[in-house]
Protein chains: 2
Amino acid sequence: MPVSDKKTPIHQVMQEEVETGPVDGLILEERLGYALRRAQLKVFKHFDEAMREHDIRPAQFSALVIIEGYPGVTQASLAQTLAIDPPRVVNLVNTLESRGLAVRVRSKRDRRSYGIFLTRAGEALVVTLKALSEQSDLTATQGLSDIERRQLLALLRRVYSPQAPEK
Amino acid sequence: MPVSDKKTPIHQVMQEEVETGPVDGLILEERLGYALRRAQLKVFKHFDEAMREHDIRPAQFSALVIIEGYPGVTQASLAQTLAIDPPRVVNLVNTLESRGLAVRVRSKRDRRSYGIFLTRAGEALVVTLKALSEQSDLTATQGLSDIERRQLLALLRRVYSPQAPEK
DNA sequence: TATTGTTATACTCTATAACTATA
DNA sequence: TATAGTTATAGAGTATAACAATA
């Protein structure tokens, strides 16, 4: 594609003169989206390693923890808490159910909805997974002190739920 | 809360008794991956809105900013900085080139590689986009003070590049 | 009429292997 | 042989519309 060459045809500019090495001190690092993505990539990489043995994906882990904390939670509520759409929850719960970690129980009150419960196997697994993920977070952020790690968590919380108390 | 108590088959437990409302105070909120994902979802949503008019995706924006800062950057270097794989860079640059925002210039030194440069249109656009994204970050984090916003950015940087100076 | 869960579908993002052309 | 870029492909993740059963 011919460059718009109002004055200096870009083709003639620097060819030999440019140093193209590792890039830092970038303006991009001032952008929140970039920083969040890079940090998440790292934290998720550690998480994946920690969960590999149990073949658990991030969304599956989150679902297990929520179900543990709120036995009988509905799929709609699960979708809201995970910030995913109902169709994904169906797949998610299908997987957990087929692996014997959770069960759907039809609600007597509202027979359209299900309550989701952990099985014994699910309860046992989630205990293990929580410990693993906690350790994974620590190793992923070993450059931070405990205080800094809590600061980071608090700031992130205030980004995604603005009215949350600082705690 | 009548959680499965050692003996009772989970199916028989609570059916009517469970309150399934909005969920907070969750253990999940202590997990870095969850917090990062939620924060990123929010920041990216604002970013998407800000860029909608220009039909620019996050990776495209990042690429434009990098090319602006490092004219003649190679695709391999771009891949490394964006933390994406070389095949994605091909598509990325194809899009930018077809939209007249950037051009590939074959390197004389190493004729396997290209230097990527912004066109005039690309240079003009990236100035606009940087201002928009800066504003987008501010509105996405309006619950934070300037100091807190910089703290967050600094902490994130130290997560994804552990040896970086605190600045 | 509205809501819960479901199916189907498509689109983006991401990862991998294999190819080409240069070095 | 090694590297830069490319092609092809497949798998996640995500979003949307439309449907069935129930309220």
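Reckoned from all heavy atoms, side chains included, excluding hydrogens, waters and symmetry mates. Every chain is numbered from 1 and lettered A, B, ... according to where its sequence line falls, protein lines coming before strand lines.
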*asked:* In whole Å, I'd like the distance from the CD1 atom of A/Ile84 to the P atom of D/dT16.
replied: 14 Å
_Whole angstroms only, please: what is the CG-C1' distance between B/Leu41 and D/dG13?_
11 Å
*Check whether any side-chain heavy atom of A/Tyr160 lies under 4.5 Å from a side-chain heavy atom of B/Glu29, and answer yes or no.*
yes
Measure all distances between protein nitrogen or oxygen atoms and nitrogen or oxygen atoms of nucleotides 7-10 of chain C, and list the pairs falling under 3.5 Å.
none

*Can a salt bridge be assigned to the pair B/Arg149 and B/Asp146 using a cut-off of 4.0 Å between side-chain N and carboxylate O?*
yes
*With a 4.0 Å cut-off, would you call A/Arg52 and A/Glu49 a salt bridge?*
no
*Along DNA chain C (nearest heavy atom to each residue), the more 5'-positioned of A/Val89 and B/Arg57*: A/Val89
_Separation of atom CD in B/Gln75 from atom C1' in D/dT7, rounded to whole Å_ = 13 Å
_Interatomic distance, B/Asp85 CG vs C/dT12 P [rounded to whole Å]_ = 19 Å
*Check whether any side-chain heavy atom of B/Asp55 sits under 4.5 Å from a side-chain heavy atom of B/Arg99, and report yes or no.*
yes
_If we ignore hydrogens and angles and just use 3.5 Å, is the side chain of A/Ser107 paired with the main-chain N or O of A/Ser113 as donor and acceptor?_
no
*N or O in side chain of A/Arg104 less than 4.0 angstrom from C/dT6 OP1/OP2*: yes
*Take atom CG of B/Leu92 and atom P of D/dG5, then tell me their distance rounded to the nearest Å.*
13 Å
*Which residue, A/Thr81, A/Leu82, A/Thr74, forms the side-chain contact (heavy atoms from CB on, under 4.5 Å) with A/Leu78?*
A/Leu82
*Atom CG of B/Leu78 and atom P of D/dA4: how far apart are they, to the nearest Å?*
14 Å
_Return a single string for nucleotides 18-23 of chain D, one symbol per nucleotide in 5' to 3' order, where B is base contact, S is sugar-phosphate-only contact and - is none, cutoff 4.0 angstrom on heavy atoms._
---BBS
*Measure the distance from CD1 on A/Ile56 to P on D/dA12 and round it to the nearest whole Å.*
14 Å
*Sidechain-backbone polar pair: A/Thr141 side chain, A/Asp137 backbone, donor-acceptor under 3.5 Å*: yes
*Return the value, rounded to whole Å, for the distance between atom CZ of A/Phe44 and atom P of C/dC13.*
17 Å
Name each donor-acceptor pair under 3.5 Å that joins a side chain in residues 89-98 of chain A to protein atoms two or more places apart or in another chain, with its distance.
unit_1: A/Asn94; atom_1: OD1; unit_2: A/Arg104; atom_2: NH1; d: 3.0
unit_1: A/Asn94; atom_1: OD1; unit_2: A/Arg104; atom_2: NH2; d: 3.1
unit_1: A/Asn94; atom_1: ND2; unit_2: A/Val90; atom_2: O; d: 3.3
unit_1: A/Thr95; atom_1: OG1; unit_2: A/Asn91; atom_2: O; d: 3.0
unit_1: A/Glu97; atom_1: OE1; unit_2: A/Arg104; atom_2: NH1; d: 2.7
unit_1: A/Glu97; atom_1: OE2; unit_2: A/Arg104; atom_2: N; d: 2.9
unit_1: A/Ser98; atom_1: OG; unit_2: A/Asn94; atom_2: O; d: 3.3
unit_1: A/Ser98; atom_1: OG; unit_2: A/Thr95; atom_2: O; d: 2.9

*Please answer whether the main-chain N or O of A/Arg112 pairs with a side-chain N or O of A/Asp110 as donor and acceptor at a distance below 3.5 Å.*
yes
